[in-house]
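Right, one structure below, let's go through it.
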Amino acid sequence: MTTTLITGGTVVSATGRAPADVLVDGETIRAVLEPGSTILGTDVAASVDRVIDATGKYVIPGGIDAHTHMELPFGGTAAIDTFETGTRAAAWGGTTSIVDFAVQTYGQRIEDGLAAWHEKASGNCAIDYAFHQIVGDVNEASLASLAKLPDEGITSFKLFMAYPGVFYSDDAQILKAMQVSRDTGMLTMMHAENGPAIDVLAAQLVEQGKTDPFYHGVARAWEMEEEATHRAIMLAKLTGAPLYVVHVSAKQAVEQLAWARDKGQNVYGETCPQYLYLSLEDQLGAKSDEWGAFEGAKWVCSTPLRSRAEGHQDSMWQALRTNDLQMVSTDHCPFCMKDQKELGRGDFRKIPNGIGSIEHRMDLMYQGVVTGEITLERWVELTSTTPARMFGLYGQKGVIQPGADADLVVYDPNGHTSIGVGLDSSGAPTGRSHHMNMDHSAWEGYEIDGHVDTVLSRGKVIVDGDEYLGTKGDGRFLKRGLSQYLI
Ligand code: DUC
Ligand code: ZN
Ligand code: ZN
């Protein structure tokens with residue numbers, strides 16, 4: 001078994017920072033030591049197989065992205081990152097675990113949907129992975145199957161109040177699924193947007209000739225997110241289910257969560273980098289030579305980007321500081337412009353919804369430290385420690401302590417990361433690049449005042465500077481326990 005000492009760095013946790021050396025033995029952390037420690041008179045550094053010099057750098061627990069959609073079937077196509085390409089891109093960006101969404105489609109058995117997801121992921125991941133379960137067809141049989149999933153290490157499920165005819169659940173179905181959540185301790189994750197009303201608004205816009213990507217965000221008005229968030233909260237209150245609202249983007253939805261939490265209800269929320277940095281105005285203004293106004297399709301996702309003039313982005317940052325929102329995930333769901341987003345030329349309703357960000361989450365959130373939006377400790381908490389605690393992985397993941405998996409990132413605050421565009425639409429590499437399987441980047445031109453230098457996954461160095469050393473298939477399925485946030 002290889003022993004490694006990460007020496008000279010500042011170890012950052014959710015609660016503090018201190019100069020310390022991290023001793024790794026095989027796949028786990030053996031000790032967190034005073035810098036330059038000796039054992040029986042011998043320098044630890046002299047007795048290990050490998051020393052990683054982290055002088056001047058931060059040593060943090062590997063990122064956990066608790067909301068990804070590899071290969072998600074959507075809008076007549078499928079998210080373009082496979083488990084192989086998506087987890088490789090995650091590793092490049094300092095994320096060492098993902099929780100992806102296994103899908104039960106309408107008419108399918110949960111068991112079959114889940115088995116298909118194991119099939120896709122098994123043997124393909126470079127980093128460890130776990131699953132939530134999407135329940136796309138709530139009925140007596142699927143509810144019975146759902147209740148058994150904790151035995152298989154799946155302790156959370158997602159319902160959709162949006163996408164009628166696809167993933168949508170009505171209030172009666174939500175109520176029944178939440179009763180399972182209450183009885184089993186599984187966390188109910190909610191896509192909270194009023195889908196039926198949104199679909200009417202979207203159809204009316206298209207009838208008026210308003211077909212550009214920008215109108216996606218107009219149809220998905222914040223009122224529809226606020227209303228659905230409130231309804232989800234009330235159904236959770238009634239049933240006693242623990243609730244976690246995904247991809248929160250509207251400040252009014254945060255107000256609903258804060259209101260419920262202040263009353264003592266067990267509700268949580270995540271936001272995503274796109275709702276912190278990008279806006280509806282950016283989307284409206286985007287007009288490339290190649291795509292014209294259709295360039296806005298790069299940023300079509302749901303919930304949608306929100307107006308900066310209305311202050312949603314500032315509210316998201318504030319909620320991350322005040323703990324009205326507890327986590328940042330990506331909702332990584334990448335589609336190429338060519339052949340995929342293009343399906344919605346002339347009708348924004350047909351643009352596959354999703355943005356690819358898995359590689360950039362740690363960097364984009366670190367930039368929030370640089371600009372003073374969050375502290376260094378909060379960065380670790382939002383991106384690693386709380387995801388581990390929320391989704392039943394804590395102790396093994398999300399913390400640097402003896403016995404934990406040696407998922408570690410050496411992050412250089414004096415480094416720099418330019419986020420590039422990847423491949424152009426003919427598949428040719430552009431100058432600055434990323435590693436997601438896309439022909440563009442929603443983050444093109446973003447500059448980060450920091451850099452992911454070294455990444456270890458269970459003790460193995462998988463990223464070393466500009467070199468990728470990971471291996472497809474090294475990532476293991478993680479059986480999760482119940483959330484630590486149950487009361
Ligand atoms: N939102 C997206 O943007 N993509 C996939 C599903 C979702 O809810
Ligand atoms: Zn969603
Ligand atoms: Zn999602």
Side-chain angles (χ1 to χ4, degrees), residues 65-81 86 90 98-106 113 117 130-136 156-169 174 177 187-195 198-199 202 213 216-217 219-220 224-225 228-229 232 243-250 253 268-275 278 280 283 296-306 327-337 340-341 343-344 348-358 361 387 390-391 436 438 442-443:
D65 191 342
H67 188 156
T68 71
H69 295 289
M70 305 305 169
E71 305 178 42
L72 176 75
F74 195 100
T77 182
I80 196 74
D81 263 323
I98 60 166
V99 192
D100 201 83
F101 286 85
V103 179
Q104 177 220 15
T105 55
Y106 190 78
W117 236 256
F131 295 147
H132 314 283
Q133 181 68 50
I134 284 176
V135 189
S156 44
F157 61 86
K158 182 179 180 187
L159 303 173
F160 288 78
M161 302 168 99
Y163 306 128
V166 189
F167 295 130
Y168 175 75
S169 291
I174 291 170
L187 201 52
T188 301
M189 303 173 78
M190 190 62 78
H191 179 131
E193 286 186 294
N194 185 328
I198 285 169
D199 282 5
H216 169 85
R220 305 185 90 88
M224 302 292 91
E225 185 181 345
T229 304
L243 175 67
Y244 176 98
V245 181
V246 296
H247 48 52
V248 176
S249 62
Y268 305 94
E270 69 173 17
T271 192
C272 311
Q274 53 269 36
Y275 309 121
L278 306 174
L280 198 55
Q283 192 178 22
K298 291 178 182 173
W299 299 278
V300 164
C301 56
S302 296
T303 57
L305 303 187
R306 298 286 177 201
M327 285 176 44
V328 177
S329 316
T330 56
D331 196 8
H332 179 76
C333 192
F335 298 98
C336 287
M337 286 292 275
Q340 296 198 297
K341 295 273 185 182
L343 295 168
F348 66 83
R349 294 173 299 177
K350 297 186 179 145
I351 300 170
N353 290 197
I355 286 183
S357 313
I358 200 167
R361 185 184 62 124
M390 187 68 71
F391 292 111
M436 298 174 286
M438 300 160 65
W443 300 101

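Every heavy atom of this structure was used, including side-chain atoms; hydrogens, water molecules and symmetry mates were not. Remember, it's 1-based here, ligands and their atoms both numbered in the order they're listed.
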Mark the output for Phe167 as yes if a heavy-atom distance to ligand 1 is under 4.0 Å, and as no if none is. no
Output all residues satisfying salt bridge (charged side-chain N to carboxylate O under 4.0 Å, His left out) with Arg361, sequence neighbours left out; order by chain, then residue number. none
Does the N or O separation between Thr303 and ligand 1 drop below 3.5 Å for any pair? no
Pick from Gln274, His332, His191: the one approaching atom 8 (O) of ligand 1 most closely through a non-hydrogen atom: His191
ring-ring contact (aromatic ring centres under 6.0 Å, His included) partners for Phe101, two or more places apart: His67, His69, His132
Any donor and acceptor pair, going by atom type alone, linking the side chain of Gln274 with main-chain N or O of Thr330 inside 3.5 Å? yes
Determine the interplanar angle of the Phe74 and Tyr163 rings, folded into 0 to 90°, and report it as parallel if under 30°, tilted if 30 to 60°, perpendicular if over 60°. perpendicular
Location of contacts on Asp331 toward ligand 1, heavy atoms closer than 4.0 Å: side chain
Backbone N/O of His247 and side chain of Thr303: donor-acceptor pair under 3.5 Å: yes
N/O donor-acceptor pair under 3.5 Å between Lys350 side chain and Gly76 backbone: no
From the list His191, Met190, Met189, side-chain contact (heavy atoms from CB on, under 4.5 Å) partner of Leu159 resolves to Met190
What's the spacing between Met436 CE and Ile358 CD1 if we round to 0.5 Å? 8.5 Å
Taking only protein atoms, how many N, O or S atoms are found under 2.8 Å from the Zn ion (ligand 2)? 3
Which atoms form the tightest heavy-atom contact between Ala192 and Ala228, and what is the distance? C-CB, 3.4 Å
Atom 1 (N) of ligand 1: which protein heavy atom is closest, and how many Å away? Ser302 O, 2.6 Å
For Phe160, atoms of ligand 1 separated by under 4.0 Å from a heavy atom: 8 (O)
With Tyr275, which residues qualify under ring-ring contact (aromatic ring centres under 6.0 Å, His included), at least two apart? none
Atom 4 (N) of ligand 1 sits nearest the protein heavy atom Asn353 O, 2.8 Å
Donor-acceptor pair between His332 and Asp81 side chains, under 3.5 angstrom: yes
Indicate, as side chain, backbone, both or neither, the part of Cys333 found under 4.0 angstrom from ligand 1 when only non-hydrogen atoms are considered. side chain
What atoms in ligand 1 come closer than 4.0 Å to a heavy atom of Cys301? 3 (O)
Please identify which atoms of ligand 1 are closer than 4.0 Å to at least one heavy atom of His247. 8 (O)
